[in-house]
2 protein chains.
Amino acid sequence: MNTDKLEEVKKLFTAHLENKGLRKTGERYAILEEIYARSGHFDVEELYAGMKERGLQVSRATVYNTLDLLVEQGLVSKHQFGRNLAQYEKSYGYRQHDHVICTECHKVVEFCDPRIHGIQTMVGDLLNFHILHHSLNLYGICGDCRAKAEAAARQSNPS
Amino acid sequence: MNTDKLEEVKKLFTAHLENKGLRKTGERYAILEEIYARSGHFDVEELYAGMKERGLQVSRATVYNTLDLLVEQGLVSKHQFGRNLAQYEKSYGYRQHDHVICTECHKVVEFCDPRIHGIQTMVGDLLNFHILHHSLNLYGICGDCRAKAEAAARQSNPS
DNA sequence: CTCCATGCAAATTATTTGCATAGAC
DNA sequence: GTCTATGCAAATAATTTGCATGGAG
């Protein structure tokens, strides 16, 4: 099943490369495989290190190049959660979701809300944009960090 | 009226500095003024250059430091529209809005949608986060760029 | 007077680019 | 055989950090 999905994604990628007249190189497929073998978010360095560890040799420049292609096609999505470091994740066959980020501990939690799709459609029509994707981040303080903050306050200022 | 708003923002900033036991330095207020004298988005370099031009001398390090404080307090908001360059804008007393970004020409258009507030509240309750702010970006191709693309297609492939 | 905040420059880090070579077509 | 994609290293760009000094408290 996981293998099936990988095959499916590879086919889509192949079609995209052919469409754009780009070469089907081993490196590009190796990167795609590594990405789909991962779960959750990762940055370029993690991906690069992961491949090296598995004995797959690619240069960082190729990783950046291929990620751009995949993002362009929509097989991978790119996030900028603050932290001057781009985060990526696979996005084919996974439900489109958004993120809540704790501004204290930087924990990231995912959620889905169908209303966003409606907003996307409406705004696209209104402003005459052909919307391809979106990114919604909610920033706040998670339950754990609030609990910690309250405990600390009680400590320094006991009622 | 604009002056009133500036005074109001300064008072809020002062309160925040006092709350956190930080010093009320001339540089910090100078940066706040420069930001509220601007309209629209700007990056650190633009802000820094603008201040220099007006004869206000501050170091880049202080600009970064102060922007962090202001963002933390919510008087300024920070955006990462792709492009490895943080963009900022004043955000006190301005209607909370979101952005549509053209992936071709990088034009940015603003919009408001009340449903986002509902999503924010619901998700916060559901995941036990105290949500402070959000960032919604829609990415797509603007009308102008679509028109250009179509014209180019007609050129190379006339029916 | 005590320390935090500033300014400057150096350091760090992510990403991009130039160029020679391998390899897809 | 041609010409694009890769790999490497060097370049660039944004942001952070260390340390001496000035100035707020």
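Letters go in sequence order (proteins before strands), and every chain restarts at 1.
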Counting only side-chain N and O atoms of B:Asn65, is one of them less than 4.0 Å from OP1 or OP2 of C:dA5? no
Just checking A:Asp43: base, sugar-phosphate only, or nothing, at a heavy-atom cut-off of under 4.0 Å? nothing
What one-letter contact string describes nucleotides 15-20 of chain C from 5' to 3', where B marks a base within less than 4.0 Å of any protein heavy atom, S marks contact via sugar-phosphate atoms alone, and - marks no contact? BBB---
With a 4.0 Å cut-off, would you call B:Arg38 and B:Glu89 a salt bridge? no
Go through B:Gln87 and B:His99 one step at a time and tell me if the side-chain hydrogen bond (donor to acceptor under 3.5 Å, both in side chains) criterion holds. CA-CA 12 Å; B:Gln87 302 269 115; B:His99 299 95; over 6 Å; no
Please state how far atom CZ in B:Arg28 lies from atom P in C:dC4, giving the value in whole angstrom units. 12 Å
Exceeds 12 heavy-atom contacts within 6.0 angstrom, atom NE2 of B:His106: yes
Residues A:Phe129 and B:Ile101: closest non-hydrogen pair is CE2-C, 4.0 Å
Is there a side-chain contact between B:Thr25 and the phosphate of D:dG23, meaning an N or O under 4.0 Å from OP1 or OP2? no
Do B:Arg23 side-chain and C:dC4 base share a donor-acceptor contact under 3.5 Å? yes
Within 45° of the ring axis of B:Tyr94 and under 6.0 Å from its six-membered ring centre, is that where the NZ or CZ of B:Lys5 lies? yes
Side-chain contact test, heavy atoms from C-beta onward, threshold under 4.5 Å: evaluate it for A:Leu17 versus A:Tyr29 and give yes or no. yes
Distance check: side-chain N/O of A:Ser59 vs OP1/OP2 of D:dT6, anything under 4.0 Å? no
